[in-house]
There are 2 protein chains.
Amino acid sequence: MDCIFCRIVAGNIPCYRVAENDDSLAFLDIEPAAKGHVLVIPKQHSENLLDTKPDTLALVAQMVHHVAHQIDVTLEPDGINILQNNRPAAGQVVMHYHVHLIPRWNDDNVMKAWRPKLATKLDLNEIAAQLRAAAG
Amino acid sequence: MDCIFCRIVAGNIPCYRVAENDDSLAFLDIEPAAKGHVLVIPKQHSENLLDTKPDTLALVAQMVHHVAHQIDVTLEPDGINILQNNRPAAGQVVMHYHVHLIPRWNDDNVMKAWRPKLATKLDLNEIAAQLRAAAG
């Protein structure tokens with residue numbers, strides 16, 4: 001088994017477990033962006049959002065909700081970012097679908113908002129039409 | 001109705017619609033981080049992840065999956081970030097639960113990975129134990 005997260009699920013590699021049920025596992029990121037940075041993964045392997053079954057995504061979303069409450073009552077952050085990266089261009093490092101929960105405190109500078117790119121009405125109309133056409 | 005996203009759902013403010021079903025709506029962010037930056041929202045108002053019903057989160061997750069495929073086949077990005085901000089400290093601007101889908105291309109510099117903070121084993125053990133205790 002080459003996937004480090006599958007090995008964690010199998011118990012072959014230890015983790016700092018936060019929560020677990022039949023379908024998903026939550027554990028601390030060992031290279032955290034902030035105190036209390038948690039990863040939530042489905043136990044069944046998939047590489048990213050695109051190849052994960054919709055039912056699995058729904059179960060992971062509910063575990064993310066549960067863990068967000070754990071973080072909120074325990075660490076009392078000022079906010080929480082939920083981030084999920086698909087493919088290396090988006091910052092994905094481990095190729096097993098995972099969701100980051102990153103507690104935030106005011107002025108911590110952990111993540112910056114992007115600078116919006118100028119979008120003309122024409123651009124937006126064109127892109128929306130293209131995407132709608134792919135709805136299948 | 002003060003919430004701008006509820007007004008979009010009600011049809012009182014136009015949007016660049018990408019996809020829609022009974023429960024959720026996907027439309028272009030008019031201040032995009034990148035070409036094809038989409039927001040997915042539940043039609044029923046909630047403020048953030050913490051006060052959104054688990055069933056609603058599951059439905060939104062499935063719409064995010066659907067739109068990610070629309071983006072992937074249409075724009076062929078190198079990656080996609082899924083980002084959901086809770087409260088102003090985490091960058092939330094509109095107080096209606098929403099998920100960002102941000103197409104990424106290699107070396108676009110749209111979002112930077114965070115610099116990991118040093119975490120000792122002791123810290124991680126303590127935090128994991130605290131969070132587990134809040135599992136209820």
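Chain A is the first sequence line, chain B the second, and so forth, proteins listed ahead of strands; every chain is numbered from 1. Everything numeric in this text was worked out from a predicted model, so none of it was measured.
In this structure, the portions of B:D55 lying under 4.5 Å from any heavy atom of chain A include both its backbone and its side chain. For a residue to count as touching a neighbouring chain, one of its non-hydrogen atoms must lie under 4.5 Å from one of that chain's; by this rule A:L59 does not touch chain B. For chain B, the nearby part of A:V38 is the side chain; its heavy atoms alone come within less than 4.5 Å. Both the backbone and the side chain of A:E31 come within less than 4.5 Å of a heavy atom of chain B. When heavy atoms are compared at a cutoff of 4.5 Å, B:D72 approaches chain A solely by way of its side chain, counted from C-beta outward. For a residue to count as touching a neighbouring chain, one of its non-hydrogen atoms must lie under 4.5 Å from one of that chain's; by this rule A:L124 touches chain B with backbone and side chain alike.
At a threshold of 4.5 Å between side-chain heavy atoms, the hydrophobic network of Ile, Leu, Val, Met, Phe, Trp and Tyr places B:F27 and B:V94 in one connected group. Note on B:W105 and B:V67: same hydrophobic cluster, where clusters join Ile, Leu, Val, Met, Phe, Trp and Tyr whose side-chain heavy atoms are under 4.5 Å apart, directly or indirectly. When hydrophobic clusters are built by joining Ile, Leu, Val, Met, Phe, Trp and Tyr residues whose side-chain heavy atoms come closer than 4.5 Å, directly or via intermediates, B:L25 is grouped together with B:I4. Put simply, B:I13 and B:V9 are part of the same group of oily side chains (I, L, V, M, F, W, Y) that touch within less than 4.5 Å, one to the next.
Of all residues in residues 41-51 of chain A, those placing a non-hydrogen atom less than 4.5 angstrom from a non-hydrogen atom of chain B are A:L49, A:L50.
Not one N or O on the side chain of B:Q70 forms a donor-acceptor pair closer than 3.5 Å with the backbone of A:A134. Judged by distance alone, with hydrogens and angles left aside, the side-chain atoms of B:H65 form no donor-acceptor pair with the main-chain N or O of A:K53 at under 3.5 Å. Of the possible donor and acceptor atoms, none in the side chain of A:D78 sits under 3.5 Å from a partner among the backbone N and O of B:A89. A donor-acceptor pair is defined here as one N or O able to donate and one able to accept, closer than 3.5 Å; no such pair exists between the side chain of A:N86 and the backbone of B:G79. Judged by distance alone, with hydrogens and angles left aside, the side-chain atoms of A:R132 form a donor-acceptor pair with the main-chain N or O of B:R17 at under 3.5 Å.
In terms of heavy-atom pairs under 4.5 Å with chain B, the best-connected choice from A:P103, A:P88, A:A58 is A:A58. Here A:T74 is the residue among A:T74, A:V99, A:D108 with the most heavy-atom pairs under 4.5 Å with chain B. Of the residues considered (B:N109, B:T52, B:D107, B:V64), B:T52 shows the highest number of contacts with chain A, using heavy-atom pairs under 4.5 Å. Ranked by non-hydrogen atom pairs under 4.5 Å with chain B, the options A:A128, A:A61, A:A26, A:A68 are led by A:A128. Of the residues considered (A:V60, A:L57, A:V93, A:L75), A:L57 shows the highest number of contacts with chain B, using heavy-atom pairs under 4.5 Å. In terms of non-hydrogen atom pairs under 4.5 Å with chain A, the most contact-rich of B:Q92, B:H37, B:E20, B:R104 is B:R104. Of the listed residues (A:A129, A:C15, A:P54), the greatest number of heavy-atom pairs within a distance under 4.5 Å of chain B belongs to A:P54.
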- request: Go through the steps for A:L28 and B:L131 under the test side-chain contact (heavy atoms from CB on, under 4.5 Å), then give the verdict.
  value: CA-CA 10 Å; A:L28 294 182; B:L131 292 175; 4.1 Å; yes

task: Start with the C-alpha gap between A:I127 and B:Y16, add the side-chain angles, then the distance that decides, and say whether side-chain contact (heavy atoms from CB on, under 4.5 Å) holds.
output: CA-CA 9 Å; A:I127 295 166; B:Y16 296 94; over 6 Å; no

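The side-chain heavy atoms of A:M111 and B:M111, taken from C-beta on, include a pair separated by under 4.5 Å. For the pair B:Q84/A:N81, no side-chain contact is recorded, criterion being any heavy-atom separation below 4.5 Å from C-beta on. Between A:K35 and B:D123 there is no side-chain heavy-atom pair separated by less than 4.5 Å.
Atom CD1 in B:I30 sits 12.5 Å away from atom OG1 in A:T120 (nearest 0.5 Å).
Heavy atoms only, all atoms of each residue included: A:P77 and B:R87 are closest at O-NH1, 3.4 Å.
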